[in-house]
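On a predicted model such as this, the values are computed, not experimentally measured, just so you know. Excluded from the calculations below are hydrogen atoms, water molecules and symmetry mates; all remaining heavy atoms, backbone and side chain alike, are included.
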Amino acid sequence: MYPPGGGRFTGRLPKSPQSPALGSSPMPQPAYRVIVIGGGHAGAEAAWAAANMLRDEGDKVALVTLRLDRVGVMSCNPAIGGLAKGQMVREIDALGGLMGLAADATGIQFKVLNASKGPAVRGPRCQCDKYRYAAEVQRLLRTRDNLDLIEAPVEDLLVEHGQCVGVILPDRTLRADAVVLTTGTFMRGLMHTGPKQTEGGRVGEGPSVGISASLRRLGFDLGRLKTGTPPRLAAESIDFASLQRMPGDETPAPFSDMTPKPRDGHPWALLPQLDCWVTHTHEAIHEQIRANLDRAPLFNGQITPGCVGPRYCPSIEDKVVRFADKTSHHVFLEPESLDTNEIYCNGISTSLPTDIQDYMVHHLPGCERAKILRYGYAVEYDMVRPHQIDATTMTKRIEGLFLAGQINGTSGYEEAAGQGLLAGINAVRYLRGESLVRLGREQAYIGVLMDDLVTKTPVEPYRMFTSRAEHRLVLRADNADQRLTELGREWGTVDDARWAVYQDKQRTIRRIHEHLDAQRLRKWIAGPQVGVPELRRQLAGAGITADDSLLIRVLADAQYAGYIDRHQRQIERLRAAESQPLPTNHDYAAIPGLRTEAMLQLNRFQPATLGQAGRLEGVNPADLMIISLAMSRRSA
């Protein structure tokens, strides 16, 4: 489907010798240059990036995890991408990551969300075969002969003179120049199903205890968060004929630029494509939940007080309490694999006792006779408050220690993978003595994510949304390679094969623009009546062929040029207005377009300046732009 090794990595600087710690004798050359702890989505990307960057140098990378057969496992929803998340997957791919490759190879339903809206808010999404996905991630990692996969618990971090120089396993110590920590939900993980509590970060897997103690001993401030998962049902026990069908796109759009494009009218997707289905809760279910809240770990004090779950992906018991006026909530029934009968119930994540889960499932339309294969549960776990890292993912307290994924307070595979990729890049740059790199908010959603984490410590698991990105008009899924692939080439994560694909696309774009200029069609292409079919026909006459994703990019750049220019001017004004004073006792509810969360925070704190407003939890850069414009009109 794609070359497992890619081309030879070029343009590397020679590795710098390891400098001994101040006041110590020279340390021996480490067995590994980078050690990655954890085999989830963050760990896989970190190990992949580090191994690719060090490939020419012959140095070794280690990925240490509790179970090698669980590397790349989709613990919750078997899907990749979505709104804002799909943009991040495209960015990971543009930088040479593996998530898009694995999703394309194992997708069983592809769908672009918000397809009827503008390109800036469209989100490519893929329902994956979760078993094939993990197998594909493991296969890709094993193509790197300088990457060792080690199955063992990490009992402690090895720190000397303020620098992380390795890890301690039960039977040995592994030394390294840099360590990337990606523990997911496993640090002192505790699972809840009603009154039943089981230690572990995922069903059937134990917790990681030593790392939490190690981090506390090193002086890190830890927090506690929670997440959850819904029941899984047997497909043959569901009455799908009575439910609304949710098909994927007729023409699937791949995530990765390295996925072969359709030829001769045949789609590129290798696996059969499946439908999803939708059912819903109703008042009888809600009443049963309300009557049993004293048995819900989230409400009866069983889960650690102050341990907060994801606000934008709440459990069904949380939904029933918080949205008491809602008499129904959608539940999407999504197949988890081509080879099993497991159906994921997207929308009813829960930690309620099994008898209440039985009632809830069997009162969903179409699920009256459904067999529950696995009950839902909540898991609480330790995290490191991310004000202790900077936007490179390296900790401020310990040099050479990088944190990525849910340990930083995020939720979601895509958020974890983006951090892991950046951590792997910077771990290698650190050991080479090179300056660490950051992505700006104007460059990538990954940059927005990192900036948000280090400036607004999350009190709940952080999830990416398009509304968090003030530059979303230019941070589109269709132009991720244009924004990032040259950076990836410079950093060493983009190989020759991917670079050739990128250059070919750039040549095609130049040909398109030259043709449009020669035919004086700039005004024509910017018109709303021009879509992909019209542009394709126009270019065919000039002998120019391009896939849909490239044509979408050309159209978006042309049709949104005016908005983008105006948007950039607004951003420049916003930067200049950092110290702009704000009126006291102002009613922010009177500002149209301001999100409710931001309005409530602003009315509560009444910040004195725009800069202060920007540092309030729940106020994002897009809100600041709205406030700045409103204040400008007020003073005019």
Side-chain angles (χ1 to χ4, degrees), residues 1-2 4 39-41 43-45 48 67-82 85-86 89-90 92-93 97-113 123-143 184 202-205 229-238 240 245-256 258-260 262 266-278 331-347 371 373-374 412-414 416-417:
M1 183 174 176
Y2 40 80
H41 302 281
E45 293 290 352
W48 177 257
R67 286 179 54 179
L68 289 177
D69 64 338
R70 304 293 283 173
V71 169
V73 160
M74 307 176 103
S75 303
C76 198
N77 187 8
I80 295 293
K85 293 170 175 281
V89 180
R90 288 280 297 137
I92 291 164
D93 185 72
L98 60 75
M99 178 170 271
L101 292 171
D104 287 350
T106 62
I108 55 179
Q109 187 191 92
F110 292 82
K111 192 176 186 67
V112 175
L113 306 183
R125 182 182 187 272
C126 169
Q127 192 80 17
C128 293
D129 183 312
K130 72 175 186 179
Y131 300 108
R132 283 179 166 88
Y133 182 90
E136 180 65 6
V137 170
Q138 294 168 28
R139 185 194 73 80
L140 286 167
L141 292 174
R142 290 193 174 101
T143 64
R202 187 163 52 211
V203 66
E205 299 179 58
T229 193
R232 271 66 162 182
L233 310 181
E236 69 276 10
S237 66
I238 300 172
F240 289 113
R245 173 174 166 263
M246 305 289 287
D249 291 340
E250 187 174 338
T251 303
F255 281 110
S256 178
M258 300 304 290
T259 298
H266 296 291
W268 56 267
L270 296 179
L271 298 181
Q273 299 296 286
L274 302 183
D275 292 331
C276 295
W277 308 84
V278 63
V331 180
F332 297 94
L333 304 179
E334 302 170 339
E336 293 201 318
S337 174
L338 294 171
D339 301 318
T340 72
N341 63 344
E342 296 164 284
I343 298 294
Y344 180 89
C345 298
N346 191 343
K371 177 183 177 183
L373 298 174
R374 194 177 85 195
Y413 308 146
E414 304 82 3

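- Between E336 and K130, at least one side-chain N (NZ, or NE/NH1/NH2) sits under 4.0 Å from a carboxylate O, which counts as a salt bridge.
- With respect to F110, the side-chain contact (heavy atoms from CB on, under 4.5 Å) criterion is satisfied by exactly one of D249, D104, T251: D104.
- In this structure, a donor-acceptor pair under 3.5 Å is absent between the side chains of D129 and T106.
- The two atoms that bring Q273 and G107 nearest to each other are NE2-O, 3.1 Å, heavy atoms only.
- Checking side-chain atoms of E414 against main-chain N and O of V89 turns up no donor-acceptor pair under 3.5 Å.
- You'll find the side chain of L333 stays beyond 4.5 Å of the side chain of C276, heavy atoms only.
- The pair R125-E334 meets the salt-bridge criterion, since a charged nitrogen lies less than 4.0 angstrom from a carboxylate oxygen.
- Residues C76 and P230 approach most closely at SG-CD, 4.4 Å, considering heavy atoms.
- In plain terms, the two heavy atoms of L141 and A44 that are nearest each other are CD2-O, 3.7 Å.
- Pairing each heavy atom of Q138 with each of V71, the nearest pair is NE2-O, 2.9 Å.
- Under the 4.5 Å side-chain criterion, counting only non-hydrogen atoms from C-beta, F255 is in contact with P124.
- Residues A105 and L271 approach most closely at O-CD1, 3.8 Å, considering heavy atoms.
- Here I343 contributes atom CD1 and S237 contributes atom OG; the two are 9.0 Å apart, rounded to the nearest 0.5 Å.
- Between M99 and D93, the closest side-chain pair of non-hydrogen atoms is not below 4.5 Å.
- The closest side-chain heavy-atom distance from T340 to Y131 is below 4.5 Å.
- Using a 4.5 Å heavy-atom cutoff, the side chains of I80 and M74 are in contact.
- A heavy-atom distance below 4.5 Å is not found between the side chains of N77 and F332.
- There is no side-chain donor-acceptor pair under 3.5 Å between Y344 and Q127.
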Could you go step by step and tell me if S75 and T229 meet the side chain to side chain contact (heavy atoms under 4.5 Å, CB included) rule?
CA-CA 8 Å; S75 303; T229 193; over 6 Å; no
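- Note that NE2 of H41 and CG of L98 are 10.0 Å apart. Values are rounded to the nearest 0.5 Å.
- Contact between P78 and P335 at its shortest, heavy atoms only, is CG-O, 4.2 Å.
- Under a 3.5 Å cut-off, the side chain of Q109 and the backbone N or O of M246 do form a donor-acceptor pair.
- Tested against W48, the residues T143, V137, I92 include a single side-chain contact (heavy atoms from CB on, under 4.5 Å) partner, T143.
- R232 CZ to E342 CD: the interatomic distance, rounded to the nearest 0.5 Å, is 8.0 Å.
- Side-chain contact check for R132 versus L338: some heavy-atom pair is nearer than 4.5 Å.
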